[in-house]
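Scope of the values below: all heavy atoms of this structure, side chains included, with no hydrogens, waters or symmetry mates.
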Amino acid sequence: MKKLLGFMLVLVCFTGCAKKEINYDEPSSIKEENYATYADWVEDEMLMIDYYLEISDKELADIKKDAMNDPEYFREFVESFNEQIEGLHQEGK
């Protein structure tokens, strides 16, 4: 019985931590604390950046490289980016 409860707890934790679908209309819904690793969060943020900006794959790769080398700068960049995108959405409503 204890093994079954333990297994169920692990299953609930695993499914709760699984990636959620990205809401492109609400960029700030992608919160770093909801990801198992910083790199996982960066991946989803890169999808968001790619969605909104018309930049090359090389530029995306450069942004990702910078994100991995300087997490604080990337966090600030993402916060500013998200505010701008959400502002555009507010203007469009």
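- Remark: side-chain polar atoms of Q84 are not paired, donor with acceptor, to backbone N or O of F81 under 3.5 angstrom.
- Under the 4.5 Å side-chain criterion, counting only non-hydrogen atoms from C-beta, H89 is in contact with I85.
- Between V42 and F74, the closest side-chain pair of non-hydrogen atoms falls below 4.5 Å.
- You'll find the side chain of I49 reaches within 4.5 Å of the side chain of I55, heavy atoms only.
- For the atom pair CG (D70) and CD (E76), the distance works out to 8.5 Å, reported to the nearest 0.5 Å.
- A distance of 12.0 Å separates CD of E83 from CG of L88, quoted to the nearest 0.5 Å.
- Shown here is Y52, whose OH atom has more than 12 heavy atoms of other residues, nucleotides or ligands within 6.0 Å.
- Side-chain atoms of K64 and L60, non-hydrogen and from C-beta on, never get closer than 4.5 Å to each other.
- Atoms CZ and CG, on F77 and N82 in that order, are 9.0 Å from each other to the nearest 0.5 Å.
- Listed for the D50 side chain is no donor-acceptor partner under 3.5 Å among the backbone atoms of M46.
- Taking the six-membered ring where the residue is Trp, Y38 and W41 present tilted rings, their angle falling between 30° and 60°.
- By the 6.0 Å contact criterion, CG on D25 is enclosed, its count of non-hydrogen atoms from other residues, nucleotides or ligands being greater than 12.
- With contacts defined as side-chain heavy-atom distances shorter than 4.5 Å, the pair R75/P71 qualifies.
- Nearest heavy atoms, I30 versus E45: O-OE2, 3.4 Å.
- By the 6.0 Å contact criterion, CD on E54 is open, its count of non-hydrogen atoms from other residues, nucleotides or ligands being 12 or less.
- Checked by atom type, the side-chain pair D44/Y35 shows a donor-acceptor distance below 3.5 Å.
- Residues S28 and K31 share a closest heavy-atom pair of O-NZ, 3.4 Å.
- Across all their heavy atoms, P27 and M48 have their closest contact at CA-CE, 3.6 Å.
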